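Because the structure is a prediction, the values reported are computed rather than measured. Every chain is numbered from 1, with letters handed out A, B, ... down the list of sequences.
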Amino acid sequence: MENRVRVRFAPSPTGPLHIGGVRTALYNYLFAKQNNGDFLLRIEDTDQTRFVPGAEEYIIEAFKWLGLNFDEGVGIGGDYGPYKQSERKPMYKQYALDLVAKGKAYYAFDTAEELAQKRLEAESQKTTFQYDCKTRQSLRNSLSLPQDEVQRLLDNGEAYVIRFKFDEGQTIEFDDLIRGHIKMESSLLDDKVLYKSDGMPTYHLANIVDDHLMHISHVIRGEEWLPSCPLHVSLYRAFGWEDTMPKFAHLPLLLKPDGKGKLSKRDGDRLGFPVFPLQWQDPKSGEISSGYRESGYLPEAVVNMLALLGWNDGTEQEIFSLEELVNKFSIERISKHGAKFDLEKAKWFNHQYLQKVSNSDLAKVYLDELNTKNIATTIDKVEQVVGLIKERCSFSNELWAQSDYFFVAPTTYAEKALKKRWKEGMGAIMTTISEHLKAIEDNDWAQKAEDFLMQYIQSNELNMGQIMNCLRLAVVGDTKGPNMLDIMRVLGKDEILLRLDTAIKNINL
RNA sequence: GCCCCGUUCGUCUAGUUGGCCUAGGACGCGAGAUUUUCAUUCUCGAAAUCAGGGGUUCAAAUCCCCUACGGGGUACCA
């Protein structure tokens, strides 16, 4: 256990899982698997006021979809449970008290309102109020109050919090696996609350106690935690756990594609790409946020794209399977600066992966979609269609737009193309062609139809583009689609003749 | 305000120990080719004086300092 790599992903269940969080989890996963270590899921629900029903289930489902499996934790179990901090509530107090006994922490009786008032006052004077070594003597706590008064308050059941006591004039130093050596002056740090008046620990206390108890070897988390890392390191030291303190790696953030700041919930639907792995409906407002899964992304593509947003293996390779990522990942090669999400690149990644999906697998997915549209067809036909149009799609949900004409005959014809191609006399030519096509025997019709067309165009000295495009217009209704002869093969004689007929009747020029 | 972290093509980035960088790749963009259409694909191209300024050195994108800009933090939120 001493040297075993154990990492954790520790989200709080306050809503859907942000894609930046997914990347953090991915990096943890890759690091754990590469080192034959453990990847745990711990739910950090110490703020009961922010609890959102369904969020925990969402998180578990999201990782299931992504194919990133936890070895231990909520939903799985393990030897170091419970893995949900609310269920660990009773064990935190003794640790906070231990720190008080050691003189590393103290009781504070100031109410949230009093402190808010202080902050307001400070703000009006363009300064900032901070609960620290300079101000704590003038506040209501066990450092400033006489001991018997403190005892009296505690005995009376007065509400209190426990705060960490930063000693003045110390330099706190630690190493970050991505950023190197980091220093901070203790006198600039505030006495953070470790234990709240509701009997719950804050993130700071809980994450140190749990990481210690769960034998976490590496803490890989977002950059937003870097400023509080000196506190965390100080806590390990105060507890006397420094020799087993995990190593830290603070990841750069995912930024908005356009403006400034980190990628947020609203950016996604504003800019037309998902910020969450799965679609999420807010239980209170009912507001829906789109997800990668529902937008037609393949989980492998999302994983690959996310892995490359802030990491690369130093070569020019960009497509990596999960297994390759596990083998090649390294914390040292993670970049230090934030990365803007690039929708176009994400599309490209998905296109790459969509091409790898077999026609039969893709056909199954597409058939389901067709069924919801009440389109009667066969898996055979769908598979043929998918084979023809797959490469023109980046997402599985583009299949319909690229192949609707295979299932529904056109009712309108692209006007511009008509003007350009369907010249005077074309109706007559098409009628002749139609008659000939009709005369061709059913057996191997498509091939014979092709032979006929080629020969017909040549012997009548017609323009190939002109004829084929008009045929396409008549059958497809537009200038899109794969090879015309492939379309004829899939649609078959009867359908082609029917569509030609309709077109000749409706297009009157 | 204060603290911490960062800064190479529009975007993601290569460049790790200074010289092979007239800075490479990918996405996107432009042009051409292929395709009877559209898309795909292929080829070519434009695109970063390495944020700016000072040093150090024979030599700096690479080391040091300053400035600017960006990001994060500054809650009884995580």
Between the base of B:C38 and the side chain of A:Thr479, is there a donor-acceptor distance below 3.5 Å? no

Between A:Arg333 and B:G15, is there a side-chain N or O to OP1/OP2 distance below 4.0 Å? yes

A:Lys345 side chain near B:C29 phosphate (N/O to OP1/OP2, under 4.0 Å): no

If you draw a 6.0 Å radius around NZ in A:Lys118, do more than 12 non-hydrogen atoms from other residues or ligands fall strictly inside? no

Taking the side chain of A:Leu226 as its heavy atoms from C-beta onward, which of B:C76, B:A78, B:C4 lies nearest to it? B:C4

Regarding A:Ala112, tell me which of base, sugar-phosphate or nothing describes its non-hydrogen contacts under 4.0 Å with the strands shown. base

Say you pick atom P in B:U16 and the same atom in B:C5; how far apart are they, in whole Å? 23 Å

What nucleic acid atoms does A:Asn483 come within less than 4.0 Å of, heavy atoms only: base, sugar-phosphate, or nothing? base

Just N and O in the side chain of A:Arg119: are any of them under 4.0 Å from OP1 or OP2 of B:A75? yes

Paired nucleotide for B:U17 [Watson-Crick or G-U wobble; both distances under 3.5 Å]: none

If you compare every side-chain N and O of A:His351 against the phosphate oxygens of B:A39 (OP1, OP2), does one of them come in below 4.0 Å? no

Gap between atoms NZ and C1', on A:Lys420 and B:C38 respectively (whole Å): 11 Å

Can you tell me, in whole Å, how much space there is between the C1' of B:U41 and that of B:U34? 8 Å

For residues A:Trp311 and A:Tyr27, establish whether the separation of their ring centroids is below 6.0 Å. no

Between B:A23 and B:A60, how many Å separate the two C1' atoms, rounded to a whole number? 13 Å

Distance check needed: B:G10 P versus A:Leu343 CG, whole Å only. 19 Å

Who does B:A26 pair with, Watson-Crick or G-U, both distances under 3.5 Å? B:U11

Same-atom distance (C1') from B:C50 to B:U8, integer angstrom: 4 Å

How far does the P atom of B:C27 sit from the matching atom of B:U40, given to the nearest Å? 12 Å

Examine A:Phe31 together with A:Phe329 and report whether their ring centres are nearer than 6.0 Å. no

Comparing A:Leu308 and A:Lys126 on RNA chain B - which has the more 5′ nearest nucleotide: A:Lys126

Among the nucleotides B:U37, B:U13, B:C77, whichever has the atom closest to the side chain of A:Asn312 is B:U13

If you measure from the P atom in B:G70 to the same atom in B:G28, how many Å do you get, rounded? 29 Å

Considering only side-chain heavy atoms of A:Val161, which listed nucleotide, B:C76, B:U13, B:G71, is closest? B:C76

Mark yes or no for a side-chain to base donor-acceptor pair under 3.5 Å between A:Thr128 and B:G1, with no hydrogen or angle criteria applied. yes

Which one, B:A78, B:C12, B:C4, comes nearest to the side chain of A:Ile182? B:C4

Give a yes/no answer on whether the side chain of A:Lys196 brings an N or O atom under 4.0 Å of OP1 or OP2 in B:C77. yes

Among residues 390-397 of chain A, which contact RNA chain B at a heavy-atom distance under 4.0 Å? A:Glu391, A:Arg392

